[in-house]
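As structure tokens, the structure follows; a few thoughts come after it.
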Number of protein chains: 2
Amino acid sequence: MASNAISSETQRAKLERKERVILEAARAIFVDHGFDGARMQVIARRAGIGEGTIYSYYDSKAELMLAVLQQFWDGLTREAEGVMASVQVTDFFGRLEALARYHLNTVIVNADFINLTFALRRNNSEVSVSRDHLRHYVAVFDRLFLRGQDRGELRADAVLWQARDIFYGSLEYSARSIEMTIDADRTAREQEPVVHQMVALFRSHFGAAQGTVAGDDPSVVQLSSKLDRLSEKFDALAKRLG
Amino acid sequence: MASNAISSETQRAKLERKERVILEAARAIFVDHGFDGARMQVIARRAGIGEGTIYSYYDSKAELMLAVLQQFWDGLTREAEGVMASVQVTDFFGRLEALARYHLNTVIVNADFINLTFALRRNNSEVSVSRDHLRHYVAVFDRLFLRGQDRGELRADAVLWQARDIFYGSLEYSARSIEMTIDADRTAREQEPVVHQMVALFRSHFGAAQGTVAGDDPSVVQLSSKLDRLSEKFDALAKRLG
DNA sequence: AAGGCTAATTGAATAGCATTCGATATTGTC
DNA sequence: GACAATATCGAATGCTATTCAATTAGCCTT
């Protein structure tokens, strides 16, 4: 019995190790050659196994790559969470800065992987999978923003998803843009200004004004609810007309 | 001589027409089936020609798709330039708003093509080609920003490429983000607030300071966008009523 | 307008590669 | 140690982009 359990345990461990070996080989070959350039035969050889064996672990080349990407994005998400957990400062803008710095650097350093992520999007199911990776990662940003609002450091009336899209999208595109200028030296140098620019922008535009909070202005609140009521009446009328 | 020149002219025209027919067929099939799903045979059949003939116009499937994308991005760039040329307002922020609106809508409507653009990036040369498409398109944004600075409406000390990256990147990611929420109705409705948010952000952060500008206050911005949405609904209803 | 030259077109043959599958080896159980 | 169940292997398969030898259409000369 005991030996039974142990041996099946070691068997499982062995399979899991082999799975990791395959993933590792696939990662290397995909990054070097891209999806199309990668040959299953080469991946198999690198993993030290037969070609057919891969297929008892992954259904297809695309799924293999998906697994590689899954691992990559999970790693990113975990790292981002690690940055949030370990950063010393507790104020929102300090943490925002740390996340911006981490993210920008990561996106630049791992440009290969990020390209691969989008290169895989050949059919709709793959598009939605790569979306899920991204969504999971971006959730780290969402949590930070939510917390900033709870702590009263972000304007109460800021639309969180808009702010998050601006933050994330700006950094991602800045990374691409920086990366286009090839020159590795400058690449390193350009990152800090972008990080500071973003933080300053968020501070001035989304930061809660010290003193009066804009969203609290009673006349504005009143106007807003009047508008909402009008809009509802309008919808009702439109509906009644067909 | 004359007949010679004319007939070779018509011959050329004929070839060009055939090229357009192939491109047209390819566009349709690629959009419907994605790059991998598209069969050269199907494209050929749709264009009403033999399979091999395509290869006397384009060297490979990838080049064919590149040509399709080239045409797409050229169209976008031309349209964006058209928007800039035709917009009535001359002030920077008015034009920025027009471009933001055009861009956001375009990216959402043509999500298929934009996915295809990145899906093609299988090897480095294709990455750089798709970068060139983008660069060319983004140049429209650069020109607007440069002009805004010349007119003294953008801070003299704003780093143009940073501002442009923030503008472009935010909108592109917002588009992806909006598009993720599938619901077509909301998709249309969410666009205006994003446009206004961006313009307000640019006004407050990159605009040359001149007293206080209404656009600074986000709650007012929000009210304004609510009003705009209501106004749009009103127009739609009015139109429907004749 | 007939003949000859060139360029364009065709679709059957080729070749590259992911995937399958029957045969073989390994592992676990009694 | 023998039997069953699993895992592994790599040659055979099948699917497609791409090539190519044969055919056709266009154009020019006389």
Side-chain angles (χ1 to χ4, degrees), chain A residues 1-23 25-26 29-30 32-68 116 119-120 122-123 126, chain B residues 1-23 25-26 29-30 32-68 119-120 122-123 125-126:
Chain A
M1 284 297 139
S3 80
N4 183 337
I6 285 173
S7 62
S8 86
E9 203 57 14
T10 55
Q11 173 62 2
R12 169 176 316 203
K14 201 167 157 186
L15 290 183
E16 272 169 11
R17 186 160 40 77
K18 191 165 285 190
E19 190 168 337
R20 275 200 303 280
V21 169
I22 295 174
L23 222 50
I29 302 297
F30 280 137
D32 276 9
H33 298 90
F35 184 77
D36 286 314
R39 301 278 145 261
M40 291 303 268
Q41 202 183 119
V42 175
I43 294 174
R45 231 189 327 260
R46 175 159 186 143
I49 61 173
E51 230 177 312
T53 307
I54 295 181
Y55 288 88
S56 55
Y57 290 82
Y58 301 94
D59 284 346
S60 66
K61 189 181 182 183
E63 279 217 3
L64 176 56
M65 172 121 151
L66 236 36
V68 168
L116 280 182
L120 193 63
R122 297 153 176 236
N123 59 47
E126 278 152 3
Chain B
M1 283 294 141
S3 80
N4 185 336
I6 285 172
S7 62
S8 88
E9 203 56 13
T10 55
Q11 172 64 0
R12 168 175 318 202
K14 202 166 155 186
L15 290 183
E16 274 169 11
R17 185 159 41 77
K18 191 167 284 190
E19 190 167 336
R20 275 200 304 280
V21 169
I22 295 175
L23 222 50
I29 302 297
F30 280 136
D32 276 9
H33 298 91
F35 184 76
D36 287 313
R39 301 277 145 261
M40 291 302 268
Q41 203 183 120
V42 175
I43 294 174
R45 229 189 328 259
R46 176 159 184 143
I49 60 174
E51 231 176 312
T53 307
I54 296 180
Y55 288 88
S56 55
Y57 289 83
Y58 301 94
D59 283 347
S60 67
K61 190 181 182 182
E63 280 217 2
L64 176 56
M65 171 119 152
L66 235 37
V68 167
L120 192 62
R122 291 150 183 240
N123 59 47
S125 85
E126 278 151 1

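Only this structure's heavy atoms are used, side chains among them; waters, hydrogens and symmetry mates stay out. Note that the structure is predicted; figures quoted are calculated from it, not measured.
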Respond yes when some side-chain nitrogen or oxygen of [X] is under 4.0 Å from OP1 or OP2 of [N], and no when none is.
X	N	value
B:K18	C:dA8	no
B:S56	C:dA8	no
B:Y57	C:dA8	no
A:T53	D:dA7	no

Item checked: Closest contact, heavy atoms only, A:E51 versus A:A44 -> CA-CB, 3.8 Å
Next item on the list: Have a look at B:A44 and say if it touches a base, only the backbone sugar-phosphate, or nothing, with a 4.0 Å heavy-atom cut-off.
Entry: nothing
Next item on the list: Give a yes or no on whether the backbone of B:R39 and the side-chain of B:K61 come within a donor-acceptor separation of less than 3.5 Å.
Entry: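 Pair absent, no side-chain N/O of B:K61 close to backbone of B:R39.
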Length of the [atom1]-[atom2] vector between [X] and [N], whole Å:
X	N	atom1	atom2	answer
B:E63	D:dA17	CD	P	16 Å
A:M65	C:dA18	CE	P	13 Å
B:I22	C:dA8	CD1	C1'	11 Å
B:I54	D:dT18	CD1	C1'	11 Å
B:I29	D:dA17	CD1	P	12 Å
A:I43	C:dA18	CD1	P	8 Å
B:E16	C:dA8	CD	P	13 Å
A:I49	D:dT6	CD1	P	20 Å

Pairwise N/O distances under 3.5 Å, protein to nucleotides 19-21 of chain C:
| unit_1 | atom_1 | unit_2 | atom_2 | d |
| --- | --- | --- | --- | --- |
| C:dT19 | OP2 | A:Y55 | OH | 2.9 |
| C:dT19 | OP2 | A:K61 | N | 2.6 |

Working to the nearest 0.5 Å, report the span between [atom1] of [X] and [atom2] of [Y].
X	Y	atom1	atom2	answer
B:M40	B:S60	CE	OG	7.5 Å
A:Q41	A:I29	CD	CD1	11.5 Å
A:I54	A:K18	CD1	NZ	11.5 Å

[X] versus [Y]: any side-chain heavy-atom pair under 4.5 Å?
X	Y	value
B:I49	B:V21	no
A:L116	A:V68	no
A:Y57	A:L64	no
A:Y58	A:L23	yes

Check: Taking five pairs at each end of the helix from C:dA1-D:dT30 to C:dC30-D:dG1, what angle separates the two helix axes (nearest 10°)?
Finding: 0°
Item checked: Nearest-nucleotide pick for B:R39, side chain only, options being C:dT9, D:dA17, C:dT10 -> D:dA17
